[in-house]
Amino acid sequence: MKIVIPSHNRSNNVLPLDFIPESYYDKTYIVTRKGEQEELYSSYKEKVNVLALDCDGISSKRDQICRHFDNELIWMLDDDCLLYNAVVHQVDETRTRIKITEQVSEESFYEFIEYCTDMLKTYPHGIVRPALFARPKTYMPYRLNMWAFTNAMLNLKTLSADDLEYNYSSHSEDVVAFLNTIEKGYQSFCLSKWMVKSERPGKPGGMTEIRTANMITEATQKIHSKFPDHTKIKSGYPLKDGTIPQTLVIRPKKKPSSSLENFMEL
């Protein structure tokens, strides 16, 4: 499995390189836009692979990544994320919660890679759950068909760029890929055995500089019209400028045709 990190205007510190062992750098790719961005990231070429693509935003970048790595297994990870081990914590006699512990060592990193590579043989789409909301032990080691963000594991031997349609919308493009996976009769896993944590959400770079309420609302309405059975629209949280976008509630409802496991409605 190759690790692919889309990045934009964050050349000063691509955080995943803090947990990816140097022994895995030959399978690690930073993906940026051709031209000025490629120059900004040129110093990384001494460590990892730097791939410059002809793209004009994160949606087209993800689409081009899937086309470039066609027929391969990839983990597409945001540039501000770190990977942690996770355990079940007994809160009291009846309650449990999953929490992150230490950042992965080289040994646990390779355990993670082996585990997820095996998972992708059964489920062509997966997400490593962000450590944002407390969840009980029933989410361990993974749940099926549960939406989360910041990363996507893809078996591009099974799913193609055209199947995923990352370029369908200019925002929430990863939702489109997730729901397309389910619509095509496959299942997605959401992993809690390891979890990711964003170390600098909202910092300059990435989508932070161009994200607006209008952009989010337009994408929300477009995606909802494409997947009305799986989504609802709600009012989102205010952005830094005080504007409030519409956002999606994502709860897949349609049962996949695959009989690999019982579908879990959430």
Side-chain angles (χ1 to χ4, degrees), residues 1-69 72-84 100 103-104 109 112-113 116 125-132 148-154 156 164 166-167 170-178 191 194-211 215-216 239-240:
M1 180 164 56
K2 293 177 177 175
I3 300 177
V4 183
I5 307 165
S7 193
H8 181 80
N9 277 345
R10 286 177 176 163
S11 59
N12 60 318
N13 189 13
V14 179
L15 282 180
L17 298 185
D18 290 349
F19 76 80
I20 300 170
E22 290 187 12
S23 57
Y24 212 78
Y25 277 5
D26 63 330
K27 299 181 185 67
T28 301
Y29 293 74
I30 297 174
V31 181
T32 188
R33 189 172 61 199
K34 285 184 178 179
E36 179 186 353
Q37 288 292 312
E38 182 181 7
E39 290 297 318
L40 288 174
Y41 287 83
S42 60
S43 63
Y44 287 100
K45 292 180 180 179
E46 298 177 2
K47 294 182 177 181
V48 299
N49 303 284
V50 177
L51 177 63
L53 298 176
D54 188 9
C55 53
D56 57 7
I58 187 59
S59 299
S60 64
K61 184 181 289 184
R62 294 195 195 282
D63 177 72
Q64 289 300 313
I65 285 171
C66 291
R67 295 182 190 283
H68 183 87
F69 292 99
E72 298 193 59
L73 306 184
I74 68 169
W75 184 27
M76 187 157 39
L77 175 67
D78 285 2
D79 63 5
D80 60 352
C81 291
L82 296 173
L83 181 66
Y84 291 85
I100 59 173
Q103 188 174 304
V104 292
F109 169 83
F112 164 82
I113 291 293
C116 294
H125 182 282
I127 305 168
V128 184
R129 191 165 69 84
L132 288 176
F149 49 90
T150 73
N151 67 99
M153 289 192 167
L154 300 168
L156 296 173
L164 294 163
Y166 271 112
N167 57 359
S170 60
H171 193 275
S172 303
E173 69 288 336
D174 42 2
V175 176
V176 177
F178 168 69
L191 186 69
W194 291 269
M195 291 193 289
V196 295
K197 183 179 179 183
S198 176
E199 297 297 319
R200 56 184 186 204
K203 297 294 183 180
M207 285 289 289
T208 302
E209 299 168 356
I210 63 170
R211 185 184 289 115
M215 173 190 286
I216 298 170
L239 302 183
K240 288 183 177 180

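Keep in mind that what you see is a predicted model, and the values were worked out from it rather than measured.
Rounded to the nearest 0.5 Å, atoms NZ (Lys197) and CG (Asp80) are 12.0 Å apart. The CG atom of Leu51 sits 12.0 Å away from atom CD1 of Ile5, with the distance rounded to the nearest 0.5 Å. Note that the CG atom of Leu154 and the CE atom of Met1 stand 10.5 Å from one another [nearest 0.5 Å]. Atom CD of residue Gln64 and atom CG of residue Leu53 lie 6.0 Å apart, to the nearest 0.5 angstrom. Between the OG atom of Ser23 and the CG atom of Asp26 there is a distance of 8.0 Å, given to the nearest 0.5 Å.
Side chain of Tyr44 to backbone of Ser11: a donor-acceptor contact under 3.5 angstrom is found. Without hydrogens or angle criteria, Tyr41 side chain to His8 main chain gives a donor-acceptor distance under 3.5 Å. Remark: side-chain polar atoms of Gln103 are paired, donor with acceptor, to backbone N or O of Asp18 under 3.5 angstrom. A donor-acceptor pair under 3.5 Å is absent between the side-chain atoms of Tyr25 and the main chain of Glu46, judged by distance alone. Asp174 places no side-chain N or O within 3.5 Å of a backbone atom of Asn151 that could act as its donor or acceptor partner.
Across all non-hydrogen atoms, the minimal contact from Leu15 to Leu82 is O-CD2, 3.3 Å. Residues Phe19 and Leu83 come closest through the heavy atom pair CD2-N, 3.4 Å. In plain terms, the two heavy atoms of Lys27 and Asn49 that are nearest each other are N-ND2, 4.4 Å. Residues Cys66 and Met76 share a closest heavy-atom pair of SG-CE, 4.4 Å. For Ile100 against Ala131, the heavy-atom pair with the smallest separation is CG2-CB, 3.7 Å. Across all their heavy atoms, Thr28 and Val48 have their closest contact at O-CB, 3.6 Å.
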Kindly indicate, with the supporting measurements, whether the criterion side-chain contact (heavy atoms from CB on, under 4.5 Å) is fulfilled by Val128 and Met153.
-> CA-CA 8 Å; Val128 184; Met153 289 192 167; 3.9 Å; yes
Go through Asn9 and Leu40 one step at a time and tell me if the side-chain contact (heavy atoms from CB on, under 4.5 Å) criterion holds.
-> CA-CA 8 Å; Asn9 277 345; Leu40 288 174; 3.8 Å; yes
Passes side-chain contact (heavy atoms from CB on, under 4.5 Å), Met215 versus Ser170? Steps please.
-> CA-CA 7 Å; Met215 173 190 286; Ser170 60; 3.9 Å; yes
For the pair Phe69 and Val4, evaluate side-chain contact (heavy atoms from CB on, under 4.5 Å) and give the outcome as yes or no after the intermediate values.
-> CA-CA 10 Å; Phe69 292 99; Val4 183; 3.8 Å; yes
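In this model, no donor atom of one side chain and acceptor atom of the other lie less than 3.5 Å apart for Asn167 and Ser60.
At a threshold of 4.5 Å between non-hydrogen side-chain atoms, the residues Ile30 and Asp79 do not count as touching. Side-chain contact check for Pro16 versus Val14: some heavy-atom pair is nearer than 4.5 Å. The closest side-chain heavy-atom distance from Ile3 to Ile74 is not below 4.5 Å. Side chains of Val104 and Phe112 form no contact here, defined as non-hydrogen atoms less than 4.5 Å apart. Side-chain contact check for Leu191 versus Cys116: some heavy-atom pair is nearer than 4.5 Å. Side-chain contact between Tyr166 and Val176 is absent, with no heavy atoms from C-beta onward closer than 4.5 Å. Looking at heavy atoms from C-beta onward, Pro130 lies out of side-chain contact with Met195 at the 4.5 angstrom threshold. Annotation: side chain of Lys2 is not in contact with side chain of Trp75 (no heavy-atom distance under 4.5 Å).
Every ring-ring contact (aromatic ring centres under 6.0 Å, His included) that Tyr24 has, sequence neighbours left out, goes to Phe109, Tyr110. Every residue meeting the ring-ring contact (aromatic ring centres under 6.0 Å, His included) condition with Phe178, not counting sequence neighbours, appears here in chain and number order: His125, Trp147.
Crowding of Glu72 atom CD: a count of heavy atoms from other residues, nucleotides or ligands under 6.0 Å exceeding 12.
The salt bridge (Lys or Arg N to Asp or Glu O under 4.0 Å) pairs that include a residue from residues 52-65 are Arg62-Asp78, Arg62-Glu173, Asp63-Arg67, where partners are two or more places apart or lie in different chains.
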